[in-house]
Structure formats: C-alpha cells, structure tokens
Amino acid sequence: MSNLRVRFAPSPTGHLHIGGARTALFNFLLARKERGTFVLRIEDTDVERSTQGYVDAILDAMAWLGLDYDEGPFYQSRRSELYKNKVKELLVSGHAYRCYCRPEELEAKRNAAIQKGGKPRYDGRCRDRSDQPENSPYVVRFKTPREGYTEFLDKIKGPISVANEELDDLIIQRTDGTPTYNFVVVVDDAEMRINLIIRGDDHINNTPRQIPIYKALGYQIPEFAHVPMILGADKKRLSKRHGATSVMAYKEMGYLPEAMINYLVRLGWSFGDQEIFSLEELVDKFNLENVGKSAGVFNPEKLLWLNEHYIKTADTERLAGLITPLLTDKGIDVSKGPALDAVVKTLQDRAKTLVDLANSATFYYQAPQNYDSNAVTKFLTEDKKAILELMILQINRFDVLTSHHVEQLFGHIIDETGLKMGKIGPAVRVALVGTAQSPSLYDVIAVLGKEETLQRLQNAVDRLFS
RNA sequence: GUCCCUAUCGUCUAGCCUGGCCCAGGACACCGGCCUUUCACGCCGGCGACGGGGGUUCGAAUCCCCCUGGGGACGCCA
C-alpha cells in the first residue's frame, strides 16, 4: 500500500463518455500499479443539470469496464456545509470578497473586452470595496494574486507557467450560496488527501487558478497530470456528431469491456510496439511517462479490430452466456437446439461483435424459412438434387455425426460422384442454412446433429426440386 | 482576440531527453497475393509520415529560434 491517492470526479450531467472513461482508467491503473487508493467523487454541484439517472449510468459504465474504486462515491451535493465553512474562512482571512456586480453588466463587459481584442476578465471592481450593502445579492470571489507567476510541473506536459495577471478573481460562491467548481474541487481534493490529480487537459487552464486557493487555505498542493483530449475524425472535440461516444453504447453494440479498455489505454499511451494488453499487464506496465502530450483522434475501426481479437480469444462459455439474452430477444430458445457452446465455437473466429455473433448463430436454431435466390441459382442447380439425396443416404449410415465423420462422409460422396468438394460443398450449404456463407460444413453439420441435418436436407429437396 | 497546451504515415504510435544504429519501426484502415467447401479468420507483400523556414553541428526526426497548423481555456458549467 503506497500513499498514492488519485480520484475520478465525473459530473453527472451526461453518460460516461470515451474521454471520461479513459481518464478514469488511467487513474485506476496507476492506483492499482502503485497499490494506492482510487477515490470516486461525483461532482454534482450543478443542480440544474445533474441527475441521479446519470449518476447510475456512470456507475454502471464503470462497473462494466471493471474500474472499481476504493473509496466513494462521494457526492459534493452532500458536502455543502464544508464548502460554506471554507468560503467563510477565506472571507475572514481576506483571501476572498463579496462582489455585488450584476451578471448582465459582467456579460456586457466581457463582450466589450472581446471586441477590443483583449482577454475577457473580471475587472476587480469589488475587490477593494469595503461597504456591504444590505439585501443586495452578491457572489464571493477569490482574490487571485495579481503579480508574479503561477507554475507547476505537470507529470505529463512538463513545466507550465502562467502570469498571474492573466488570471481574474473567480467566483467561488454563487448568489444562491452554492459553491462553484474551481473551489469545491480544491477543497475536496485537499480534504480527501488526493496527492496526484489525473484529469483531462481541458483543465490545464484551471490549475493556475486553483493553486492559489490551495495556498490560501493552507493546503498542500498535489501533483498534476493532464491527459490530452480525444478528438473526432475531423480533429474537433469528440461529440455526438462523431457517432457513439458513450461507453455503454459500445456495450449495446456488442463490444467486450476488455476491448474498450485496451483501446482506450493505447489511445495516448504506449509500451513500445505492443498493442494487446491484458488488465494484469496494464496494471504492471502502465505509467505516466509513456502518456503522449498531444490530442488523439478516436478511431472506431481500431476499437472494432480489438473487439474482434478479444472475441476470438474469449472463453467460449462466457461468450455463450453473453449472447444468450440477445438470442432470446430474437425469439430463440437456446435450450431447443444445439448447445450454444458448440455453436459459438464455430462462430467466434468470424464475429466482430457480440451482436454479429448472435446474428450469425440464429441459423443453428432456425431452419431456413426461405433460400437466398442468388445462392440457389448459383449452387443448387437441378443436377444437385442427386447429391442431396446421396447425402441423406450416407448420413443414415452413421449413428452419430462428429466433424470427423462428416469429413469422411464427404469423401465418400466425392468418390461416388467424381465431383470436387467445390461443387458439393456450396450446394449442401445452401440447402442447410439457406445462404452461401457459413462456417465449415463439417462443423455446421456436426453441431446441427444427424436429425436436424437430415430434416433440412429433405426439406431442401422437397421445396427446391418439386 | 488573449492566454495555455501541442505538432512523425489517413489514424494510434515507436524513435526525440542521452544527436550518427532511422533514406524512420509497429498497429488499424486500404490495396494485392496465398490458404480454402462458401464467407470470414489466418499468413505474406504493398501503399504511406519526420508541417515550413532559419540556425547549432562533421552529422538533426532528435538541440535552439521563428512561422504555420491543430486543440483547449477565457461561465454565478464542470
């Protein structure tokens, strides 16, 4: 157990998205590697937009990914007493002041500043104001130092320095008495003894605004590591326009969590030329040193490739379990038909997603309702009737059909007819599954079993050659 | 607009700190071939990048400066 304490602090104003998940993952991985503590904190100070539904969605997504935390979830909405006291503390110590400026005037000033080509900052009008008008609404602002520089050594980006004159006096408490993000994040990170903050680099500009607050409150300043953003194909910040961005949407599309984890970690982090990492390996190898500094583009195709890989190598029974509900949704009763295990085994090398896998499994449970007409005209020509009948005859000579038996069986047919497998196979396939594609016939027939195979062959003969 | 961050194949990246091993390696995608009872899988091969300009140096993807491009921030959102 080291003393490393990291946290993931999502705000429940939306689903857990790709970017957030990666930030959570980096935190999780480092905590596990260093045997530190991973804290989960829900930043729900925006009462307007935060919902319990999103909290649940985020928790579900983290559970699905396997990112379990050691402490929390803590809710900022339940810690208002603490924040109030801290604001009071700053007011008393002279590090903060009441500001009576109206939002409208501020807005106007901001726009004017932008027009003039300057930086839209608060002008500090109330900073040295000593009167306290009764019954006037006010916000509390933090007195940001006006001279000098605020600097920190980012664990990913390196040294970062900002002139304090670029900063303005940010609001730490709203008119309604609730605290704002830049303030609560400092109080909570400090109170929760977080000593390394790993977060998106959209927060990099917030850091020099937060550091003076740590100092004013007498807190120790943690270390920071700002992870680069994830962009869409057009290099714009990733958004719904770029397709699915919510983690759970990928679950719905039939992705395996390990594929998502593996994709996410390699987007921005590398370990030589290695592409495939198990979770154990990641816990062992992950580090901040190898996290890149520049933003990366989300590439769904590579994620799909990884998913393919993990499906290919996944435990067959697990996959069977995962697609059972999908099959049920399609009205298939898996107990009435071949063992799903055996079915999956013939299919898992060929599926890119669980949805693919489920779709391609259906033919084992449903005899063809109709036959693909292109396939029929191409492969099930009139002369193939004899082959199907011969096949039926041959099958009846076996009690059980293993894939090995089936291979033998085809050997006999080849000998008897003098035809090549290339002529026989496709014909039998269309008769059995209704289309021109399927796994190896040897496997398909073995899995279907003697009775079902015979029935389907007979069916095809009756329906296509009458 | 101002400030901050950033810059190697279309994309993710290795190499950069500690210049020569790099006329730049891997992966995805794409293209071609092989395998084959179909479609996939797999295997083999191909295409393809050091943003530009100045320096420093015998030598620069690697060090320095400028430009340009990209991203982010500038909220009583987080």
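Remember, it's a predicted structure, so these values are computed and weren't measured experimentally. Each chain gets a letter, A, B and so on, in the order its sequence line appears, and its residues count up from 1.
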Fill in: Same-atom distance (C1') from B/rU56 to B/rC66, integer angstrom
15 Å
Response to the item:
Pairing partner of B/rC30, by Watson-Crick or G-U wobble and under 3.5 Å for both distances, is B/rG46
Worksheet item: Is any side-chain nitrogen or oxygen of A/S438 closer than 4.0 Å to OP1 or OP2 of B/rU38?
Response: no
Discussion item. Pairing check on B/rG75: which nucleotide meets the Watson-Crick or G-U wobble criteria with it, both distances under 3.5 Å?
Written reply: none
Practice prompt. Rounded off to whole Å, could you give me the CG-to-C1' distance for the A/L304 and B/rC41 pair?
Written response: 14 Å
Worksheet, complete the sentence: Taken to the nearest whole Å, OH/A/Y54 to P/B/rC77 is 18 Å
Discussion item. In this structure, how many angstroms lie between the P atom of B/rU36 and the CD1 atom of A/I414, rounded?
Written reply: 13 Å
Response to the item:
Picking from B/rC28, B/rG72, B/rC12, the nucleotide nearest the side-chain atoms of A/N205 would be B/rG72
Worksheet item: When you compare B/rC64 with B/rG69, how far apart are their P atoms, in angstrom units rounded to a whole number?
Response: 22 Å
Discussion item. Syn or anti for B/rC67, given that syn means the glycosidic angle lies within 90° of 0?
Written reply: anti
Discussion item. Nearest to the side chain of A/S294, heavy atoms from C-beta on, is which of B/rU2, B/rA7, B/rA29?
Written reply: B/rA7
Discussion item. Regarding A/S77 and A/D44, do their side chains bring together a donor and an acceptor under 3.5 Å, going by distance alone?
Written reply: yes
Fill in: Inter-nucleotide P distance (B/rA7, B/rG51), Å rounded
10 Å
Practice prompt. Would you please indicate if the ring centroids of A/W305 and A/Y310 are separated by under 6.0 Å?
Written response: no
Response to the item:
Rounded to whole Å, OH of A/Y122 lies from P of B/rU2 at a distance of 25 Å
Worksheet item: Quick check, are the ring centers of A/H15 and A/Y54 under 6.0 angstrom apart?
Response: yes
Practice prompt. With the side chain of A/S11 defined as its heavy atoms from C-beta on, choose the nearest nucleotide among B/rC12, B/rA78, B/rU37.
Written response: B/rA78
Worksheet item: So A/N206 and A/Y181, side-chain hydrogen bond (donor to acceptor under 3.5 Å, both in side chains) or not? Walk me through it.
Response: CA-CA 10 Å; A/N206 286 142; A/Y181 167 74; 5.0 Å; no
Worksheet item: How close or far is atom P of B/rG26 from atom CD1 of A/I276, stated in whole angstroms?
Response: 17 Å
Worksheet item: If only side-chain N and O atoms of A/K352 are considered, is one of them under 4.0 Å from the OP1 or OP2 phosphate oxygen of B/rA40?
Response: no
Item to complete: Carefully, step by step, assess A/E165 and A/R146 under the rule side-chain contact (heavy atoms from CB on, under 4.5 Å).
Response: CA-CA 5 Å; A/E165 59 180 356; A/R146 288 179 151 167; over 6 Å; no
Worksheet item: Pick the nucleotide of RNA chain B nearest each of A/G158 and A/A295; which residue has the one closer to the 5' end?
Response: A/G158
Response to the item:
In whole angstroms, the gap separating P of B/rA78 from CE of A/M229 amounts to 17 Å
Practice prompt. Rounded to the nearest angstrom, tell me the gap between atom CG in A/N164 and atom C1' in B/rC3.
Written response: 13 Å
Practice prompt. Give me the residues of residues 167-180 of chain A where at least one heavy atom lies under 4.0 Å from an atom of RNA chain B, by number, or none.
Written response: A/I171, A/R174, A/T175, A/T180
Item to complete: Answer with yes or no after comparing the ring centroid distance for A/F298 and A/Y263 against a 6.0 Å cut-off, counting only values under it.
Response: yes
Worksheet item: When you measure from the side chain of A/D46, which nucleotide among B/rG26, B/rU37, B/rC77 comes out closest?
Response: B/rC77
Worksheet item: For B/rG20, which nucleotide in any strand shown is its Watson-Crick or wobble partner with both distances under 3.5 Å?
Response: B/rC58
Fill in: Integer angstrom distance from the C1' of B/rU13 to that of B/rA49
12 Å
Discussion item. When the P atoms of B/rG20 and B/rC3 are compared, how many Å lie between them, rounded to an integer?
Written reply: 36 Å
Worksheet item: Side chains of A/Y219 and A/E191: is there a donor and an acceptor less than 3.5 Å apart?
Response: yes
Practice prompt. Decide, yes or no, whether a salt bridge links A/D168 with A/R209 under the criterion of side-chain N to carboxylate O below 4.0 Å.
Written response: yes
Practice prompt. Would you please test A/F8 and A/L16 for side-chain contact (heavy atoms from CB on, under 4.5 Å) and show each step?
Written response: CA-CA 12 Å; A/F8 176 55; A/L16 181 65; 3.8 Å; yes
Discussion item. Side chain of A/A436, heavy atoms from C-beta onward: which of B/rC76, B/rA78, B/rU38 has the nearest atom to it?
Written reply: B/rU38
Worksheet entry | Side chain of A/K293 (C-beta onward), nearest among B/rU6, B/rU11, B/rA78 | B/rU6
Worksheet item: Whole-Å distance between B/rG15 C1' and A/F271 CZ?
Response: 15 Å
